[in-house]
Amino acid sequence: MKPKVAVTRKIPESILERLREKCEVKLWPEEDEPVPRNVLEEMVRDADGLYCLLTETVDDALLAAAPKLKVVSNMAVGYNNIDVEAASRRRIMVTNTPGVLTETTADLTFALLLATARRLVEASDFLRQGRWKTWSPMLLTGMDVYGATLGIIGMGRIGEAVARRAKGFGMRILYCNRTRREEAERTLGAEYATLDELLEQSDFVVILTPLTPETRGLIGERELGRMKRTAVLINAARGGIVDEDALYRALRDGDIWAAGLDVFEEEPVKPDHPLLTLPNVVALPHIGSASVRTRTRMAEMAADNLLDALSGRLPAHLVNREVFER
Ligand code: NAP
Ligand code: GLV
C-alpha cells in the first residue's frame with residue numbers, strides 16, 4: 001500500500017508526478033488560495049506525510065488530528081509556522097529547504113535595500129503620475145549605498161550572501177549573531193558587534209534571523225530609537241521580528257529614514273495597513289526566494305525530504321534530528 005500524502009497547494013506537475021509514483025496524493029489544487037483549516041484537518045486525518053507551505057499553521061492541534069503522520073515537509077527554509085516541539089513529542093519529522101534559496105533571497109534583499117535607499121518605487125510612481133516637470137538638484141534624492149555601513153542581524157546563509165554583495169559596494173559590514181562567524185570576518189572583513197553597536201553605527205540595518213521566541217519583537221521602539229535618523233531598515237526575514245506599530249511611528253516621525261519590507265506580521269498585509277500609507281516604505285509581498293529556478297528547486301527539495309522520510313531514509317534537511325535517531 002502506498003503511503004498517503006497531503007499536499008497543501010498546487011506545485012509543479014513534474015514534482016506531483018514524482019510524489020504520485022510513490023504515494024497516494026491528496027491535493028489542495030489552488031494556486032492563489034491557501035487551504036482552509038477545516039479542509040486541511042480533513043486532509044491530514046489519515047495522512048502519513050504532509051507537504052506544506054509557510055502559509056499553513058502546523059500546530060499541536062493539527063498534529064493531533066493526524067495520528068499516522070510521520071513527516072511534515074515545509075517548502076521553505078523558515079519553519080516558524082510549525083510547532084517543532086509538538087512534532088518531536090509526537091515523533092514526527094520536520095524538514096525544510098535551506099541553501100537552495102540563499103542567493104536568490106540575498107539578491108532580493110539587496111534589491112530591496114537599493115530600491116529603498118534610492119526611492120525607486122516612489123520615483124517610478126512620480127514619473128507615471130505625470131509629476132516630472134524638470135531635472136532639479138534635490139529631486140527624489142536618496143541615501144548612498146556605496147561606502148555606507150551595513151549591519152546584518154542574523155549572519156547565516158542569507159546574511160553572508162548579502163554581505164558578499166555589500167563587499168562589492170565598498171560597504172563596511174557589521175553583524176550580530178549569537179555566535180561569531182570567524183570565517184566571515186576573515187573573508188568578508190565583517191565585524192562582530194552587539195545589537196546596540198550595530199544599530200547605532202549602521203546606515204542600513206538588514207534583518208535575516210529566523211522568527212523564534214527570542215527574535216519575536218527584537219526590533220521595537222527602543223531599538224529603532226538607537227538607529228541613525230538617516231538609517232534604513234530592511235526586513236527580509238519574518239514580520240514578527242519587527243514591532244510594526246513602533247516602526248510606523250519611527251518612520252512617520254523621521255526617527256529613521258526609510259524601510260524596505262518583504263515580510264509582515266500578518267500576510268497578506270492589508271492594503272490599508274498604516275505602514276503602506278507612508279512614502280518612505282517599500283513593500284513587497286514576501287518574494288525573497290521567488291525566481292522560477294529557485295522555487296522549482298525548493299519544491300523538489302521538499303519532495304525529496306518527504307519521500308526520504310517516508311521510506312525510512314534520513315531526509316537531507318531534517319530540522320528535528322532527534323526524531324530520526326530515537
Ligand atoms: P540561517 O543560515 O539559519 O541563518 C540565520 C542566522 O540568524 C544564523 O546565523 C543565526 O546565528 C542567527 N540568529 C538566530 N537567532 C538569533 C538571535 N536571537 N539573534 C541574532 N541572530 C540570531 O538561515 P537562512 O537560511 O539565512 O535564513 C534566515 C531566515 O530568513 C529564515 O529563517 C527565514 O525566516 C527568512 N527567509 C525569508 C525569505 C523571504 O522570502 N523573505 C526567504 C528565505 C528565508 P546564531 O544561531 O549564531 O545566532
Ligand atoms: C521563505 O520565506 C522561506 O523561509 O523559505
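We use all heavy atoms of the structure for the numbers below, so side chains are in, but hydrogens, waters and symmetry mates are not. One-based numbering, in listed order, for ligands and for the atoms of each.
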Just let me know how Thr209 lines up against ligand 1, side chain, backbone, both or neither, with a heavy-atom cut-off below 4.0 Å.
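For Thr209, the contact with ligand 1 is made by both the backbone and the side chain.
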Heavy-atom nearest option to atom 31 (C) of ligand 1, drawn from Leu54, Val77, Ile153:
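Result: the heavy atom closest to atom 31 (C) of ligand 1 is in Val77.
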Counting each atom of ligand 2 from 1 as listed, which ones have a heavy atom of Leu54 under 4.0 Å away?
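Heavy-atom distances to Leu54 below 4.0 Å select 1 (C), 2 (O).
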Which ligand 2 atoms does His286 reach within 4.0 Å, using its non-hydrogen atoms?
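Near His286, meaning under 4.0 Å from one of its heavy atoms, ligand 2 has 1 (C), 2 (O).
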Under 4.0 Å, heavy atoms only, figure out whether ligand 2 is touched by the backbone of Thr105, its side chain, both or neither.
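For Thr105, there is no contact with ligand 2 at all, from either part.
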What part of Leu101, side chain from CB on, backbone N/CA/C/O, both or neither, has a heavy atom under 4.0 Å from ligand 2?
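For Leu101, only side-chain atoms sit under 4.0 Å from ligand 2.
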Passing candidate, side-chain hydrogen bond (donor to acceptor under 3.5 Å, both in side chains) with Asn74, options Asn81, Asn96, Thr95, Thr97
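The single option meeting the side-chain hydrogen bond (donor to acceptor under 3.5 Å, both in side chains) with Asn74 is Asn81.
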Can you list the atoms of ligand 1 that are under 4.0 Å from a heavy atom of [X]?
X      : answer
Met155 : 9 (O)
His286 : 39 (C), 40 (O), 41 (N)
Ala236 : 36 (N), 37 (C), 38 (C), 39 (C), 41 (N)
Ser289 : 40 (O)
Thr105 : 38 (C), 42 (C), 43 (C)
Gly288 : 39 (C), 40 (O), 41 (N)
Asp262 : 39 (C), 40 (O), 41 (N)
Ala237 : 34 (O), 35 (C), 37 (C)

Residue and atom name of the nearest protein heavy atom (relative to [atom]), distance in Å to one decimal:
atom                    : result
atom 4 (O) of ligand 1  : Gly156 CA, 3.2 Å
atom 19 (N) of ligand 1 : Arg178 CG, 4.1 Å
atom 10 (C) of ligand 1 : Asn177 OD1, 4.1 Å
atom 27 (O) of ligand 1 : Ile158 CD1, 3.4 Å
atom 47 (O) of ligand 1 : Thr179 OG1, 2.3 Å
atom 3 (O) of ligand 1  : Arg157 NH2, 3.6 Å
atom 33 (C) of ligand 1 : Arg238 NH1, 3.7 Å
atom 17 (C) of ligand 1 : Thr215 CG2, 3.7 Å
atom 5 (O) of ligand 2  : Val77 N, 2.8 Å

Under 3.5 Å: N/O of Ala76 near N/O of ligand 2:
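No: no nitrogen or oxygen of Ala76 is under 3.5 Å from one in ligand 2.
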Ligand 2 N/O within reach of Ser289 N/O, cut-off under 3.5 Å:
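No, Ser289 has no N/O under 3.5 Å of an N/O on ligand 2.
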For Met138 versus Thr141, what's the shortest heavy-atom pair and its separation?
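Where Met138 meets Thr141 most closely, the heavy atoms are O-OG1, 3.1 Å.
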Over all atoms of both residues, closest heavy-atom pair of Asp308 and Pro315:
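Looking at all heavy atoms of both residues, the shortest contact is CB-CA, 3.9 Å.
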Should Gly159 be counted as touching ligand 1, given the test is an N or O pair under 3.5 Å?
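For ligand 1, there is no N or O atom that lies under 3.5 Å from one belonging to Gly159.
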Do the non-hydrogen side-chain atoms of [X] and [Y] ever get within less than 4.5 Å of each other?
X      : Y      : value
Trp28  : Pro36  : yes
Asn320 : Ile92  : no
Thr149 : Phe204 : no
Leu224 : Leu233 : yes

Within the structure, is a non-hydrogen atom of Arg238 found at a distance of less than 4.0 Å from ligand 2?
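Checking ligand 2 against Arg238, which is what was asked, there is a heavy-atom contact under 4.0 Å.
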Between Glu265 and Arg216, is a salt bridge (Lys or Arg N to Asp or Glu O under 4.0 Å) present by the stated rule, with each step listed?
CA-CA 10 Å; Glu265 174 89 54; Arg216 183 172 285 285; 3.4 Å; yes
Using a strict 4.0 Å threshold on nitrogen-to-oxygen distance, state whether Lys22 and Glu17 make a salt bridge.
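Answer for the salt bridge query: no.
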Is Arg226 paired with Glu221 through a side-chain N to carboxylate O contact shorter than 4.0 Å?
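Salt bridge: no.
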Judged by modelled atom types alone, do Tyr175 and Glu160 share a side-chain donor-acceptor pair under 3.5 Å?
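Per modelled atom types, Tyr175 and Glu160 side chains form no pair under 3.5 Å.
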Under 3.5 Å side-chain donor-acceptor pair for Glu244 and His273:
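Distance-only check passes for Glu244 and His273.
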In this structure, which one of Arg18, Arg313, Arg297 forms a salt bridge (charged side-chain N to carboxylate O under 4.0 Å, His left out) with Asp304?
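Between Asp304 and the candidates, salt bridge (charged side-chain N to carboxylate O under 4.0 Å, His left out) is satisfied uniquely by Arg18.
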Identified side-chain contact (heavy atoms from CB on, under 4.5 Å) counterpart of Leu113 within the set Val206, Val162, Leu108:
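Only match with Leu113 under side-chain contact (heavy atoms from CB on, under 4.5 Å): Val206.
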Backbone N or O of Met155 within a donor-acceptor pair of the Arg181 side chain at under 3.5 Å?
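Checking the backbone N and O of Met155 against the side chain of Arg181, a donor-acceptor pair under 3.5 Å is found.
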To the nearest 0.5 Å, what is the distance between CG on Leu211 and CG on Leu218?
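Answer rounded to 0.5 Å: 10.5 Å.
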